[in-house]
Number of protein chains: 2
Amino acid sequence: MPAGDGDTADKAEIADRRETGTLGKLMLLLDIVTNADAPMRFTDILAVAGQPRGTLHRQLSHLSEEGLLEVDPDGRYAPGLRLLALASRSWARNEFRLIAEPHLRSLQELTGETVHLGVLRGSSVIYLDKVEGRQPVRMYSQIGNASPVYCTGVGKAALSVLPDERVHALLADMSFHQFTPSTRTSRTLLAELAEIRLSGNAFDREEHEVGIRCVAAPIHSDDLSFVGGISVTGPAYRLTFERLNDWAEPVRQAAKSIMSSMRIGLGPRR
Amino acid sequence: MPAGDGDTADKAEIADRRETGTLGKLMLLLDIVTNADAPMRFTDILAVAGQPRGTLHRQLSHLSEEGLLEVDPDGRYAPGLRLLALASRSWARNEFRLIAEPHLRSLQELTGETVHLGVLRGSSVIYLDKVEGRQPVRMYSQIGNASPVYCTGVGKAALSVLPDERVHALLADMSFHQFTPSTRTSRTLLAELAEIRLSGNAFDREEHEVGIRCVAAPIHSDDLSFVGGISVTGPAYRLTFERLNDWAEPVRQAAKSIMSSMRIGLGPRR
DNA sequence: AATTGAGTTCTGAATAATGGAACTATCGGG
DNA sequence: CCCGATAGTTCCATTATTCAGAACTCAATT
C-alpha cells in the first residue's frame, strides 16, 4: 500500500491519539499514580486506568521493576525514586538552565525577591529553575510544575514573542480557568499581548493566585524553537505596582543578557 | 518453572537481567541520554545502544513523543521536561519526605550546617531531601543523586541497621572505589558497622570527598522495608572531630523523632 | 556528478502485550 | 468453622507491537 497521504484524518478524529504504542499506556499509568494525593491500591488504579486486570497487573509490575513506581508493604503504588534520579541528572545538566543561572542569581540579589525561569511547552509554562531569597524555603517546590500560560507572567511574556497564528492556534484549544477575579480571558489576553510586545514586560497582577504579583520578560532563541521567560515574583504587599515598574527594566536586561549568553553558548552550531 | 531459589545463577550470569520487556529497553535509552554530558545525536546513541537503526529510531521517536526526551533543532536528543514534571510531583508528595522535613529543618537551625535525608536503594544511597543554610545554594543539586553506601554517613548508618546476612549480600556484588585516602574497603567497613551499631552514629571523615565530613544516624521502619538516614554535612575546617561529636547526639535525636512521626503517620495501616 | 554520512521509512517475521478466565489469598460475618 | 466477598495473582491462546534489515531520502563533500 502507498505511503500515507490524503485521508489519514478519518483515523485521527479522536483528538491527540498517541502513537507511542506500549509506552503511551505505561506513561498514562505513571501519570495516574504520580498525580494521586496518596499511594493507590491496585483496585484504585484499575478503576481509572480502563485496562483489564491481567494487563494492568503486568504493566504495574514492569513499572515497579524499573523503579518508576514503588510498592509499599500494603501493596499500594507510589511514584518511584528512579524518577528523582532521572530528573536530577537532567536538570543539573540542562544547557539552558546552566546558562541562565548566574543571571537569575544576580537578578535575585538585586530585587531580593524570588526569581523564576520558565519555558513554554504546549500551552503550559514549565518552571525550570527558581532562585529564592534568604529564607531556607522549599526547593523543588515549583520546579517542574506546569502552569497555564494565560495567568502567569512568564507565560504571557513567552506568548508575546510568538507570531499571531501560533498564538491563535494555542488559544484555540485552551480552556480559561478563572483562578482569581483578575484572571485573563481569551479576549483580554490578546489585547494584553499587544501591550507586552511594546513594553517588553509582562505582569501578573494576582491573576493566578491572590496576593502574588510578578514582572516578567520573554527569552527566546532566534528561530523560536525555544520560547520562555524569567520573572520576579513576590507578595502583593511588597510588590506594589510602583515596585513592579521599578523592576521591569532590570528584568528585561537580565533576559537580554541570557539571550546573548545563549547565542554564544549554543548559537554557532557545534 | 519454580520460583527463584537455589540455582537461578546460571541464567543471571549477565548481571541484572531485566524482565521488563519493551520498557526495559526504553529505560536503557533514557539512561544513556540522561547520563550523557551533552545532547546526543542519533548515531552517538546508536553506537552504545546496541540496537538496529530502524528499531532505535522508533524507540527514540516514542520517547520524544511522550516528552521523556527532547530533540533539538540539530536532531540531538536531550532529557525531556516531562521527567522534571513527574519528579517534582512525586517529590512534593512523598510521604516520608513530608514527615521528615520539619525535623530536618530544626536540625539545620541547630547546627547551621547542611542536613541530608537519604534512603537505601540497593547498594546506593539516594538523597531525598536537603536543607541548607542561608546561602541561596543550588537546590536539586544533590536530591535524587545516588551515592555509594560505603563512603557516605547516611549509607553506613543505613547499613548498620540491616541484619548481617543482608549486609553481606550487598557487599558481595559491590565494588569499592577509592575516592579519597580514607575511603573504606570491604574489610574496614564491617568493623566500622559494628561500632555504629553500638554508638548509633555513623561518620564520614572525608571518605567520599576530601574536605567534607558528616555525622549521620539511621532511620528505619520496624520491618526494615524502609531503611535510610539523616546527616549533618559540612567542610572539614568547620566540622572538627570535636564538633562532629557534639552533634552526634542531636542527629540521633532527630532520627528518633522522625521514626516516631513515621509510626504515627504511616504506622497503623490505613 | 558521484560519494559518503546521517537519518528515515518500509516490510514480513519474531516477540511481547493482551484480555478473559481460572486461581489464590485475605477478610468479615453468621 | 464455614461461607461469600473483595483483592490480587497467574495462566495461555490470540493479537497487536516491536523487531531487524534493507531500501530510501536528504544534505554535505569531493
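Labels below follow one simple rule: chain letters A, B, ... track the order of the sequence lines, proteins then strands, and each chain is numbered from 1.
Under the 4.0 Å criterion applied to side-chain N and carboxylate O atoms, R89(A) and D31(B) are assigned as salt-bridge partners. Taking the charged nitrogens against the carboxylate oxygens, R263(A) and D222(A) do have a contact shorter than 4.0 Å, which makes a salt bridge.
Counted by atom type alone, T20(A) and E66(B) present one or more donor-acceptor pairs between their side chains at under 3.5 Å.
Dashed line: the shortest gap from a side-chain N or O of Q59(B) to OP1 or OP2 of dT18(D) is not under 4.0 Å. T22(B) has no side-chain polar atom (N or O) that falls below the 4.0 Å cut-off from OP1 or OP2 of dT15(C).
No side-chain heavy atom of L189(B) sits less than 4.5 Å from a side-chain heavy atom of V167(B). Put simply, the side chain of L171(A) does not reach to within 4.5 Å of the side chain of Y150(A), judged on heavy atoms.
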Distances under 3.5 Å only, N/O to N/O: pair up the protein atoms with those of nucleotides 4-7 of chain C.
unit_1, atom_1, unit_2, atom_2, d
dG7(C), OP2, T43(B), N, 3.1
dG7(C), OP2, T43(B), OG1, 2.2
dG7(C), N7, R53(B), NH2, 3.0
dG7(C), O6, R53(B), NH2, 2.4

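Atom CG in L81(A) sits 11.0 Å away from atom OG in S124(B) (nearest 0.5 Å).
For P52(A), the side-chain atoms get nearest to dG19(C) when compared with the rest of dA16(C), dG19(C), dC19(D).
Of the two residues contacting DNA chain D, namely H62(B) and G54(B), the nearest-nucleotide position lying further toward the 5' end is that of H62(B).
When rounded to the nearest whole Å, the span between CG of L56(B) and C1' of dA22(D) equals 16 Å.
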